[in-house]
Amino acid sequence: MSAHVTDKPLLTVEHLTMRFGGLVAIDDVSFQALDREITAIIGPNGAGKTTVFNCLTGFYKPTVGRLTLHHPSKGDFLLERMEGFDIPQHARVARTFQNIRLFPAMSVLENLIVAQHNDLMRASGYTFYGLIGLKGYKRAEERAVDRARHWLDRIGLTKQADWNAGNLSYGDQRRLEIARAMCTQPVLLCLDEPAAGLNPRESADLNKLLLAIREDEGIGVLLIEHHMDVVMGISDHIVVLDYGRKISDGTPEFVRNDTAVIRAYLGEEEEEELPPEVAKDLKPN
Amino acid sequence: MGYFLQQLINGATLGMIYGLIAIGYTMVYGIIGMINFAHGEIFMIGAFISIITFLTLGLVGMGWVPLALLVMLLTTMLLTSVYGWALERLAYRPLRHSPRLAALITAIGMSIFLQNYVQLVQGARVKPMQPLISGGFRLLKGGDFVVNLSYLQILIILLTVVLMIVFTLMINRTAFGRAQRACQQDLGMAALIGVDVDRTISLTFVTGATLASVAGLMFLLNYGVIDFYIGFLAGIKAFTAAVLGGIGSLPGAMLGGLLIGLIESFWSAYFTVEYKDVAAYTILVLVLIFRPTGLLGKPDIEKV
């Protein structure tokens, strides 16, 4: 498959730094994610991957740095300046979590409909038309149900539409979470370890789903993952973090052979050979 | 038998009023995990707005009872919901990210503030109102005891049932209701799929205040006297009802209200009127000991 379908950047991260008191979780990281590409962020535990996501989705305000989302039709958004709920609504960035966060007491279908809340809220005139069952609202709701059904079909959960989301199996919950994120109609989908805890078959299904999302929906995907077969199998571009710094950035082939990456993952036999900035980090204070 | 039936009717009527207030407690607790102790005062303000509207209507010479009732109902719902909205906007939203204790103390402070505000503006004396609706059905005549079901009691019960149906439809069928339930389950995640959490919380306060204002109107019609202090006791009773039914559960709040109303009315009928409040609180203590999640509440599972 071609590595670069388009060269249009979707997300530009510049000099992102996040400090928590004295702890530097991310230190001057810059990278770009292109439209219609799967960009993976990898790195050992504690490298700051999830912190990048939290900055992108408004959970944290970065200490330093600029996060620009280049929306294909609505222009640029500076994510670090936006309120948490504005980011999915206007900049159209969606995310999933390492630990699944569905609405467990709502039905599978409702989980997908509530993700289209803003369209429905506008159509329902902030609830009142909805109560008296006005036509415009009914049509908007039908559209929302259609989209939800379409995604249920794609993840193969149509039969379980009326189940409580909390009763689904682990793998199904993961796919439902991705479907819910897609129902917000994002231009950038951020997935935090979507393959964690999946068996090899579920993991292969996930790969297929993610590739299909990239092809059919034409959006960018940002992926944090530890499973190297997933990462190497589907990403177009990989960013490697270690101790909050970017140590490598390129195609899967490039990253796989990068000595800095091998060193970060496997360690070094002789400490003298470490580059000074890595050695400084490793030395106990 | 007749005596029992009469207490059942009285208790159910009272229970409807408690239930309507209890829903406000339970909704707010469900969404932001805070007990809004000023909610009883919102109920009291609802009653005051009702009597002010009634007196204004009397001044302009509108005496037709059904129309007067309708105007009172709509006015108090509208104006009280503004109080509910303002309460959240001014007192609670700035404290959204502070420790829970700060919000709790603020709620108690707002309760005292609203009581004193009404006392100052409306005076401390009780406000009487002549009965608007009189008469009723004689259901049963057993010996020298007559069981009455007044028109007012029918109105209270019917109005509550209608409100409950509308309210249930709103929570289950509309976009706001879905967002409300989503926020209740995971506030952060709701924001991430684009739900405006602040607006949903505001609307929750508005809904709670609207229902409480109707309870205020019913209280005024039922008892005929109000003062600035009625919100305290009614608020605590409704809170008890919410806990009894399972705080966070909407059907639980209504059930709890009904039970508290019945307990109070039967206790006053068969034991002593003086100790009816003690009876209600004893139930609260027993529920908290033996079933801390309430009758319909779900155990709170710690999220990992």
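Lettering of chains follows the sequences in order, A, B, ..., and the numbering in each one begins at 1. Just so you know, these numbers come straight off a predicted model, no measurement behind them.
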If I compare all heavy atoms of [X] with all of [Y], which pair ends up nearest, and what's the gap?
| X | Y | answer |
| --- | --- | --- |
| A:Thr57 | B:Leu192 | CB-CD2, 3.8 Å |
| A:His117 | B:Ala179 | CE1-CB, 3.1 Å |
| A:Pro88 | B:Gly194 | CG-N, 3.5 Å |

Need one label for A:Ala94: side chain, backbone, both or neither, based on atoms under 4.5 Å from any heavy atom in chain B. neither
Side chain, backbone, both or neither of A:Glu141 within contact of chain B (heavy atoms, under 4.5 Å): side chain
Say you draw a straight line from OG1 of A:Thr96 to CE of B:Met189; how long is it, rounded to the nearest 0.5 Å? 8.0 Å
A:Phe97 CZ to B:Asp186 CG distance, which is reported to the nearest 0.5 Å: 7.5 Å
Might you confirm whether atom CZ of A:Arg19 has over 12 heavy atoms from other residues, nucleotides or ligands at distances under 6.0 Å? no
Does atom CZ of B:Arg173 have more than 12 heavy-atom neighbours, drawn from other residues, nucleotides or ligands, at distances under 6.0 Å? no
Exam field: side chain B:Gln185 to backbone A:Ala105, donor-acceptor pair closer than 3.5 Å: yes
Applying a criterion of heavy atom separation less than 4.5 Å, what residues of residues 175-186 of chain A form contacts with chain B? A:Arg180, A:Thr184
For chain B, find its close neighbours in residues 153-174 of chain A: heavy-atom separation under 4.5 Å, sorted by number, or none. none
